[in-house]
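Take a look at the structure below.
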Amino acid sequence: MNIKRYLILIPALLLPIISVMAFFRIEQSLFYNKLNNYLAEHAITDDLSFSAGRDSFTVPVATGDPSVFNVYVPSETSDRFSACFSHFNTLVLDGRSFRSDDDILSCISDGGTYSTQLVAPKGEILFDGYMSFYFLDTLPSLYITVSDNALDTISEVEYDASGRKPHMPGRMTLVTPAGTTDSSGDISLSRRGNTTFGGYDMKPYNMNLDTPQGLLGMPGGRKWALKANAMDRTQLMRNRAAFRASEMSELTPCPDSRYVDLYINGEYKGMYLLIQRVAYDELMTLTPGEYLLELDYRYEDEPYYFIETEPVVVHYPEHPTEDDLSYISSKYAAARSAILDDGDYESYIDVDSFVKMYLIQDFFSQTDVDFASFYFYLGKDGLFHAGPVWDFDLSCGMTAGDPYHEELTIRSRLFRSQKRPCVFLDLLEHSDRFMDRVCSCYLSDFRDKMAQYMNTDWNEDTALLEKSAMISSLVNGTDETGRSAMDDPAGLAGWIERRLDYQDGYYRTPDDYAIITYHFAWGTIAAALKKGEPAGFLPDDTHTGNDEGFWGEITGFVDDKGNAVDDTFIPYEDTDLYAVYSEDSYAWNHPHTQDERD
């Protein structure tokens, strides 16, 4: 009887155990099948992400070493930072094991590097390397989610068949450092910029919201830009300072902006400037009978433009008629003619706005001003109005992506340097009554406001951006050592403060200065130097435009009589100086420089 009982009892006891073991084997088999399928198309590190809350999502970012990854911890992280994964079993950091959804915050520190293993259920190590954690602390986090191939499409397909840039659908969420969701919604993402998009790893984007929203306290709108800092290693503080100068000068409308830390599909992209785009129906409130215009030498990419001395693109109305284009171009020609004759140009332009635009462009020495991104509009009052300001990447001594000669750029006279027409400012430079208003405006208003900004808001911005700026430079490879002092926030502040002091002297007694125009094979730069005093410097050939490998080495300068000059040269009147190139160089044999030598 007892034997029969045991024969019945033992199978009954073994059956659940066998079932559990079988289930475990099946589950493990399914897990490994799923893992193998995943590894066929992904690296195992793709499965790992981290979250500081419902709307936060960041992934490890690859470095040059395949065994080392960086994790950029968002600013809203406060009491929890969870590891998330589904295709492996255990995350091991410096010997401590974590399962998916476990909090790792107490085990990591800012700048800390940890041995890391990703382990399968049977103990196989799928990844063996290191992860470093960097904590962002002060800026809002902007999370954008798009399809896996969206960024490749945006990057590789410049225009679609209809002539429009591809717009990829997605979703965005903005999270404040306090952890609250500022805004969220469906978007489309597209490329922006030309040189900045094609020539640098850190890409700028346009972000269109499906429904208008005010982001981070800015006015509501659909059309936003994410400006990268690829050519400005001061993290776009040149742009920010120019926008503030416009705001303080009441050159309206002026784009509002905020700095954000950008994550796309969880990958940290760096610190960006989120800014209102120049749009006739959002930043501006233009109505039929008004025209939004832009000086743009890339005009052939645009559907509507006219050329009247210089190419002008028409952005509003969206579909101007031939009569519209004829009306604008004739008004434009009449305005230039009146300014050229120093006549009644007040009947054609809003002088006050052009005085302010002149001051801002000239003060920041925005070297792209005669090429693109110069916006202005023709109002119902029949006058051309300057603004809004836009795109100051190449300013404050920054030319073509690199700083150039602080002593020269601080003394530069922008509209004597430009060779192309520039929406009236190149002509207004020679009008005494216009320049009298420029001097008066600078001394009575502009200088004090800029000085106050540098003493207050600049320092606050610098402190706010310090951590994100450092990490963003690390991510995007712009943290090289040995670069010019003008290429960091402190150096840029020094340039602006020295420019303020220099402009103060120049605008008080402009007749005490001589315009010295330095001629190179690639172009010219003009500067105003004090009469009767040694120049103290000569430009060198480090300017990006010089391209020593092409033009050749500059060996010195001569005046228009062929006399050699050095940095002890004393100007008494407006003077042209010419760069002398080595005799075996392309520039030496170039007709332009031959003519100047003759």
Side-chain angles (χ1 to χ4, degrees), residues 61 142-174 185-210 215 221-233 235-236 238-239 255 257-280 282-283 292 294-305 311 313 315 318 368 371-375 390-394 400-401 472 475-478:
V61 177
L142 173 57
Y143 297 96
I144 291 178
T145 305
V146 290
S147 62
D148 289 343
N149 66 343
L151 295 188
D152 289 339
T153 301
I154 290 171
S155 296
E156 295 170 6
V157 182
E158 186 170 356
Y159 294 95
D160 64 18
S162 67
R164 289 173 52 83
K165 300 173 184 178
H167 287 66
M168 306 305 294
R171 189 165 180 82
M172 75 86 189
T173 302
L174 261 170
D186 293 332
I187 65 164
S188 65
L189 195 70
S190 62
R191 65 188 290 160
R192 70 166 291 106
N194 292 279
T195 303
T196 50
F197 192 93
Y200 297 88
D201 291 336
M202 192 174 184
K203 309 293 186 186
Y205 298 99
N206 283 333
M207 181 177 74
N208 288 354
L209 308 184
D210 282 10
L215 307 182
R222 290 183 56 251
K223 300 172 184 177
W224 301 86
L226 285 161
K227 288 183 69 65
N229 59 8
M231 286 197 298
D232 181 1
R233 288 180 284 268
Q235 312 298 322
L236 292 166
R238 288 173 166 82
N239 280 276
S257 61
R258 300 288 188 274
Y259 287 98
V260 296
D261 286 315
L262 176 63
Y263 296 81
I264 299 182
N265 290 344
E267 182 177 346
Y268 180 64
K269 295 295 186 180
M271 187 178 80
Y272 279 67
L273 192 64
L274 174 65
I275 183 171
Q276 294 176 286
R277 296 214 308 272
V278 178
Y280 71 88
E282 291 184 353
L283 175 63
L292 176 59
E294 179 192 6
L295 167 66
D296 191 349
Y297 273 81
R298 302 163 303 205
Y299 60 92
E300 292 178 339
D301 294 337
E302 301 292 342
Y304 300 103
Y305 60 86
V313 172
H315 291 293
E318 293 180 305
D368 229 8
F371 178 72
S373 301
F374 190 119
Y375 287 95
W390 188 257
D391 197 356
F392 278 70
D393 292 1
L394 300 181
S472 183
V475 170
N476 292 288
T478 57

Worksheet entry | Heavy-atom pair with the smallest gap, counting every atom of Lys223 and Ala279 | CD-CB, 3.9 Å
Worksheet item: How are the rings of Phe371 and Tyr297 set relative to one another: parallel (under 30°), tilted (30 to 60°) or perpendicular (over 60°)?
Response: parallel
Fill in: Residues in ring-ring contact (aromatic ring centres under 6.0 Å, His included) contact with Tyr268, at least two apart in sequence or another chain
Tyr72, Tyr263
Fill in: Sequence-distant partners of Glu282, side-chain hydrogen bond (donor to acceptor under 3.5 Å, both in side chains), two or more places apart
none
Worksheet, complete the sentence: In this structure, CE of Met207 is separated from OH of Tyr272 (nearest 0.5 Å) by 12.5 Å
Item to complete: Give the minimum heavy-atom separation between Leu295 and Pro311, together with the two atoms involved.
Response: CD1-O, 3.4 Å
Discussion item. Are there over 12 heavy-atom neighbours, none belonging to Asn149, within less than 6.0 Å of that residue's CG?
Written reply: yes
Worksheet item: Does the side chain of Val260 reach to within under 4.5 Å of the side chain of Leu226, using non-hydrogen atoms?
Response: yes
Discussion item. Run the side-chain contact (heavy atoms from CB on, under 4.5 Å) test on Val278 and Leu292 for me, step by step, so that the C-alpha distance in whole Å, both residues' side-chain angles and the decisive distance to 0.1 Å come before the verdict.
Written reply: CA-CA 9 Å; Val278 178; Leu292 176 59; 4.2 Å; yes
Fill in: Sequence neighbours excluded, every pair satisfying salt bridge (charged side-chain N to carboxylate O under 4.0 Å, His left out) that has a member inside residues 268-278
Glu267-Lys269
Fill in: Counterpart residues, salt bridge (Lys or Arg N to Asp or Glu O under 4.0 Å), relative to Arg258 (two or more places apart)
Asp256
Discussion item. Suppose we screen for side-chain hydrogen bond (donor to acceptor under 3.5 Å, both in side chains). Which residues come up paired with Asp210, at least two apart in sequence or across chains?
Written reply: none
Worksheet item: Tyr304 and Glu318: side-chain contact (heavy atoms from CB on, under 4.5 Å), yes or no, with the steps?
Response: CA-CA 8 Å; Tyr304 300 103; Glu318 293 180 305; over 6 Å; no
Worksheet item: Listed by chain and number, what are the side chain to side chain contact (heavy atoms under 4.5 Å, CB included) partners of Tyr305, not counting sequence neighbours?
Response: Tyr299, Ile307, Val313
Discussion item. What I'd like to find out is whether the side chain of Glu294 reaches to under 4.5 Å of the side chain of Trp390, using heavy atoms alone.
Written reply: no
Worksheet item: Just how far is it from atom OH of Tyr143 to atom CG of Leu174, taken to the nearest 0.5 Å?
Response: 10.0 Å
Worksheet item: Just by modelled atom types, is the Phe392 backbone N or O under 3.5 Å from a matching donor or acceptor in the Asn239 side chain?
Response: yes
Item to complete: Could I get the full list of side-chain hydrogen bond (donor to acceptor under 3.5 Å, both in side chains) partners for Tyr205, not counting sequence neighbours?
Response: none
Practice prompt. Would you mind reporting whether Met271 and Tyr259 have side-chain heavy atoms less than 4.5 Å apart?
Written response: yes
Worksheet item: Between atom CG of Asp296 and atom CD of Glu302, what is the distance when rounded to the nearest 0.5 Å?
Response: 6.0 Å
Worksheet item: Quick one: side chain to side chain contact (heavy atoms under 4.5 Å, CB included) partners of Ser188, sequence neighbours excluded?
Response: His167, Asn208
Item to complete: Not counting sequence neighbours, which residues clear side-chain hydrogen bond (donor to acceptor under 3.5 Å, both in side chains) with Thr173? List them please.
Response: none
Practice prompt. Determine, step by step, whether Asp393 and Lys227 satisfy the side-chain contact (heavy atoms from CB on, under 4.5 Å) criterion, reporting the C-alpha distance in whole Å, the side-chain angles of both residues, the deciding distance to 0.1 Å, and the verdict.
Written response: CA-CA 10 Å; Asp393 292 1; Lys227 288 183 69 65; 4.1 Å; yes
Worksheet item: So, for Arg298 and Ser373, which heavy atoms are closest and what is the spacing to 0.1 Å?
Response: NH2-OG, 4.3 Å
Fill in: Shortest non-hydrogen contact between Met202 and Ser472, atoms and distance
CE-OG, 3.7 Å
Fill in: Rounded distance (nearest 0.5 Å) linking atom CG of Leu273 with atom CG of Leu262
12.0 Å
Worksheet item: At their closest point, which heavy atom of Pro169 faces which heavy atom of Val146, and how far apart are they?
Response: O-CG1, 3.6 Å
Item to complete: Give the minimum heavy-atom separation between Ile154 and Leu189, together with the two atoms involved.
Response: CD1-O, 3.5 Å
Worksheet item: Do the non-hydrogen side-chain atoms of Leu142 and Leu215 ever get within less than 4.5 Å of each other?
Response: no
